[in-house]
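Chain identifiers are assigned alphabetically (A, B, ...) following the order of the sequence lines, protein sequences preceding nucleic acid strands; residue numbering begins at 1 within each chain.
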Number of protein chains: 4
Amino acid sequence: MPTKKKPQVTPTPERRRELLATAAEVFAAQGYNATTVRRIADEAGMLAGSLYYHFDSKESMVDEILSTFLDELWQGYDEVLAAGLGPRETVEALVTESFREIDRHRPAVAIYQKESRHLATQPRFAYLADSQTRFEKAWLGTLERGVADGVFRDDLDIRLTYRFVRDTVWVAASWYRPGGQHSPEEIARQYLSMVLDGIAPRT
Amino acid sequence: MPTKKKPQVTPTPERRRELLATAAEVFAAQGYNATTVRRIADEAGMLAGSLYYHFDSKESMVDEILSTFLDELWQGYDEVLAAGLGPRETVEALVTESFREIDRHRPAVAIYQKESRHLATQPRFAYLADSQTRFEKAWLGTLERGVADGVFRDDLDIRLTYRFVRDTVWVAASWYRPGGQHSPEEIARQYLSMVLDGIAPRT
Amino acid sequence: MPTKKKPQVTPTPERRRELLATAAEVFAAQGYNATTVRRIADEAGMLAGSLYYHFDSKESMVDEILSTFLDELWQGYDEVLAAGLGPRETVEALVTESFREIDRHRPAVAIYQKESRHLATQPRFAYLADSQTRFEKAWLGTLERGVADGVFRDDLDIRLTYRFVRDTVWVAASWYRPGGQHSPEEIARQYLSMVLDGIAPRT
Amino acid sequence: MPTKKKPQVTPTPERRRELLATAAEVFAAQGYNATTVRRIADEAGMLAGSLYYHFDSKESMVDEILSTFLDELWQGYDEVLAAGLGPRETVEALVTESFREIDRHRPAVAIYQKESRHLATQPRFAYLADSQTRFEKAWLGTLERGVADGVFRDDLDIRLTYRFVRDTVWVAASWYRPGGQHSPEEIARQYLSMVLDGIAPRT
DNA sequence: AATGAATGAGTGTTCATTCAT
DNA sequence: CATGAATGAACACTCATTCAT
C-alpha cells in the first residue's frame with residue numbers, strides 16, 4: 001500500500017527544530033532532570049506522548065541539542081585554529097567566537113555547562129568528553145605557544161590559566177540574554193581586555 | 001502534668017554532621033534532583049527510611065547544607081568588609097576568603113553553584129536570593145570605590161567586571177579538589193594576579 | 001501563536017464516573033485511610049499510577065465523591081424546604097428524601113458518616129462543615145416550628161431531638177443495601193412512623 | 001542473677017491503664033488507622049518505641065481497649081437480662097445501661113462504632129462479631145416478647161425496629177461529652193421517651 | 001522504664017514511555 | 001500528526017516495630 005509511509009527520519013525538519021528550540025529553552029531554565037517531557041509538550045502546545053512521534057526519547061532531545069551546538073562550535077573553532085594566527089590573536093578570535101556561540105545557542109551552552117559532566121558518563125554522550133579533550137588541547141597549545149613567544153606571562157600555572165579563561169567565558173551563558181545592551185562582540189572585547197590586561201589600570 | 005516532657009529531638013549533632021557531609025558529597029557529584037535519598041542512605045550505610053529519623057526531608061538536607069555554608073561564608077566576608085581596607089585590599093581579601101571557603105565547603109559551593117537559581121524560587125530558600133543581593137552589593141560597592149580611587153580601570157562596564165570576578169572565583173569549585181598541589185591561598189594569589197594584572201605580561 | 005492550544009483535560013466524564021464509583025465503594029468498605037490507591041486501581045483493573053491520569057490525588061477522589069453527593073442532596077433538600085410545607089410534612093419529606101439519597105449514593109453517605117469529621121479539619125473540605133451547619137439550621141428550624149405549632153412535643157430538649165432524628169436516618173447507610181426487600185420509600189415510612197409515634201402502641 | 005526480672009505481664013497496672021486511656025482518646029479522635037503510635041507516645045510524654053515495653057503492638061492496644069469495654073458492657077447487660085423484667089422495662093434498662101457505658105467508656109464506644117466492622121475481619125477480633133450476635137439476640141428477643149405481650153407495636157418490621165433502637169443509642173457516642181448539661185440517665189430518659197412514644201404529641 | 005537509632009514493608013505520587021485510534 | 005489512556009519503574013516519605021544501651 002503506497003499510501004502508508006513510515007515516518008521519515010526528518011518528517012518536517014522545521015517542526016523538529018522548533019521543538020528542539022522549545023526543549024532547549026526549558027532544559028536550560030529548569031535543568032535537564034527537573035524538566036518533564038510534559039512541560040516541554042505544554043510549551044509546544046501538544047500532549048506529552050505526541051513528542052514521541054518526533055523524538056525517540058527525552059535523552060535523544062538533549063543529545064541532538066548538544067551535538068548540534070558542538071558541531072557548529074567546532075566549525076567556528078576549527079576555522080580559527082586553521083587560520084595560522086599568532087597566539088594572542090588566536091585567543092582573541094576564540095573568545096570572540098565563543099561569545100558569538102553563546103549568543104546563538106544560549107540555551108544549549110547553558111545545558112552544556114550544567115549537565116555535560118553528568119551526561120558524559122553515559123556512552124551515548126562520549127562525544128562530550130572528546131570535545132572537552134580537543135578543547136583543552138587547542139587552548140593549552142595556544143597558551144603554551146603564547147608563553148614561549150613572550151605574549152603571555154610565564155609566571156602562572158598554565159593549567160590554572162586555562163581553567164581561568166575557559167570558565168570566564170562559558171559561565172557567561174548563565175547570565176547572558178540575547179538582545180541586551182552589549183553585543184557579543186562588545187562583551188568579548190571587554191572580557192578580553194580584562195583577561196589580557198587585568199582590571200587594575202596599567203601605569 | 002509534669003510527666004509530659006517532650007524528649008529532645010536533636011541529641012547527637014555529630015551524626016547529623018556526618019550525614020550532611022555525605023549528602024553534600026552526593027548532591028555535588030550528581031546534582032540535587034538526580035540524587036535519590038536511597039543513594040545518600042547507601043553511602044551512609046543505612047536504609048533510606050532511616051535518614052528520616054535525622055532529617056525532615058531531602059529538601060531540609062540541602063537547606064541545612066547551604067545555610068550552614070552561607071552562614072560561615074558571611075562570617076568571613078563580614079569580617080573583611082568591616083576591616084576598613086582599601087578597595088584593592090578588600091578584593092584581595094574577599095577572593096582569598098572565597099577560595100578558603102571552597103576549600104572547606106567544596107560540595108556546598110558546588111551545590112550552590114548548580115542549584116541555587118532553581119531552589120531560590122521556593123520561599124524556603126529565600127535566603128539564597130538575599131545572600132545573592134548582599135553579595136552583589138558588597139562587590140559592586142568595592143569595585144566602584146576602586147574605580148573612584150583609581151585603583152581599578154574606569155573604562156570597563158562595572159557590572160561586567162563584577163560578573164567576571166564573581167564567576168571566575170566560584171566556578172573554581174567545580175574543578176577544585178582539596179589536597180591538590182596548590183593551597184587555596186596559592187590559587188587565590190594566582191587568580192588575583194590574573195584578575196588584577198591580566199595574563200599578558202606588563203611591559 | 002495559534003499553535004499553542006491547550007488540549008482538553010477532561011474529555012471523557014464517563015470513565016471518571018466509573019472510577020469514582022469504584023473508589024467510593026472501596027472507601028466505604030475499608031475506610032478512607034485504610035484504602036490504598038493500589039487497591040482502587042486493582043478494582044478498576046488498572047495500575048495505581050494510571051489513576052493519576054484521571055485524578056490529581058487520592059484526596060481529590062473523596063473530594064469529588066463527597067461534593068457530588070452533597071450537591072445532589074441539597075438539590076433535593078432545597079426543593080423540599082422551598083415547598084412551603086408544614087413542619088410535620090417537611091420532616092416527612094426530608095426523611096424520605098434522605099433515604100432516597102442513601103439509596104442512590106450509599107457509598108458516598110457511608111464515607112460521609114465515617115470520614116467527614118476527620119476530613120473537615122482540612123481547608124479543602126470546608127464545605128463539609130458548611131453543609132453541616134445548613135443541615136442543622138434547616139432541621140432545628142423545622143422542629144422549632146413544629147413545637148410552636150403543636151405538632152411536635154414541647155417537653156423534649158430540641159437539640160437532643162435533632163440529633164436523634166439526624167442520626168437515626170443517616171446511620172442507616174451503614175447497613176442499607178440497595179435492592180433489598182424494602183424500598184427507600186418503605187423504609188422512610190416505617191422510620192417516620194417510629195420517630196413520630198414511637199414503638200409503643202398508641203392506646 | 002536474681003536482679004534481672006523479666007517484665008511482668010502487668011508491670012504497673014496503673015501506668016498501663018493510663019496509657020490505654022490516652023490511646024483510646026486518640027484513636028477515638030483520629031480513627032485507628034490514622035493514629036500513629038508516635039502520636040500516642042507524644043500524648044503520653046514518651047517516645048514511640050517506649051510504648052512497646054508496655055504493649056506488644058498497636059493492635060493489642062485497641063484489642064485491650066475494646067475487650068475491656070465489652071466485658072464491662074456485658075456485665076451490665078447480663079445483669080439486666082437476668083433480672084426477669086418485662087420487655088418494656090428490659091428495653092428501658094438496656095438503654096439506660098448503654099448511656100451509662102457511653103458515659104464511662106466514650107472513647108471505647110466511639111472506636112467500637114467506627115472500627116469494629118473493619119477489625120472484625122481479623123481472627124483476633126472474632127469476639128467483636130460474637131458480641132454483635134449476642135447483642136442482636138438479646139434485643140430481638142426482647143422486642144419480640146414485647147410485640148407478643150402487646151407492649152410494642154406489631155405493625156413494624158422487627159429488624160428495622162432493632163436497627164433503629166440500636167443505632168439511635170450508640171451513635172450518641174459520637175457527640176456525647178461527659179460532664180455536659182444532661183446526665184446519662186437524663187439522656188436515656190429522653191431517648192426512651194422518643195423511642196417509645198415518638199416525637200409527635202400523644203393526643 | 002525509657003531512649004536513640006535503625007529497619008523494612010508499604011504508600012501516594014511522578015514520569016518517561018507506549019500504542020491503538 | 002496528534003490524542004487519550006495506560007504502563008511500570010522509581011521516588012520521597014511514613015510508620016509500626018525492634019533492640020542495644
So the side-chain hydrogen bond (donor to acceptor under 3.5 Å, both in side chains) pairs with at least one residue in residues 108-120 of chain B (sequence neighbours excluded) are B/Y112-B/Q132
In this structure, how many angstroms lie between the [atom2] atom of [N] and the [atom1] atom of [X], rounded?
X     : N      : atom1 : atom2 : result
A/Q30 : E/dC15 : CD    : C1'   : 15 Å
B/L47 : F/dC13 : CG    : P     : 16 Å
A/L51 : F/dT3  : CG    : C1'   : 13 Å
C/F55 : E/dT14 : CZ    : P     : 15 Å
B/M46 : E/dA6  : CE    : C1'   : 7 Å

Distance check: side-chain N/O of [X] vs OP1/OP2 of [N], anything under 4.0 Å?
X     : N      : value
C/H54 : F/dG4  : no
B/Y53 : E/dA5  : yes
C/R39 : E/dT11 : no

Who are the side chain to side chain donor-acceptor pair (under 3.5 Å) partners of [X], not counting sequence neighbours?
X      : result
D/Y127 : D/D63
C/E59  : C/Q122, C/R124
C/S131 : C/W74

| Is a donor on one side and an acceptor on the other found under 3.5 Å between the side chain of B/S50 and the backbone of B/M46? | no
Across all chains, not counting sequence neighbours, the salt bridge (charged side-chain N to carboxylate O under 4.0 Å, His left out) partners of D/R39 are D/E43
Result for 5'-nearest mapping on DNA chain E, choosing between B/L19 and D/L19, is D/L19
Quiz prompt | Student check: side-chain heavy atoms of D/R16 and D/E64 closer than 4.5 Å | solution = yes
Residues at least two apart in sequence or cross-chain that pass ring-ring contact (aromatic ring centres under 6.0 Å, His included) with D/Y32, listed by chain then number, are D/F27
Residues passing the ring-ring contact (aromatic ring centres under 6.0 Å, His included) test with A/F55, sequence neighbours excluded, are none
Here the salt bridge (charged side-chain N to carboxylate O under 4.0 Å, His left out) pairs for residues 21-31 of chain A, sequence neighbours left out, are A/E25-A/R106
Numerically ordered, the residues 112-120 of chain C set in heavy-atom contact under 4.0 Å with DNA chain F is none
Shorter than 3.5 Å, N or O on both sides, protein versus nucleotides 16-19 of chain F: list them out with atom names.
residue, atom, partner, partner atom, Å
F/dA16, OP1, D/T35, O, 3.3
F/dA16, OP1, D/K58, NZ, 3.3
F/dA16, OP2, D/V37, N, 2.7
F/dT17, OP2, D/Y52, OH, 2.6
F/dT17, OP2, D/K58, N, 2.8
F/dT17, O5', D/Y52, OH, 3.4

Dot-bracket assigned to DNA chain F with the 3.5 Å Watson-Crick/G-U criterion, [ ] for crossing and | for other-strand pairs, is .||||||||||||||||||||
Contacts of A/R38 meeting side-chain contact (heavy atoms from CB on, under 4.5 Å) (sequence neighbours excluded), chain-then-number -> A/T36, A/A48
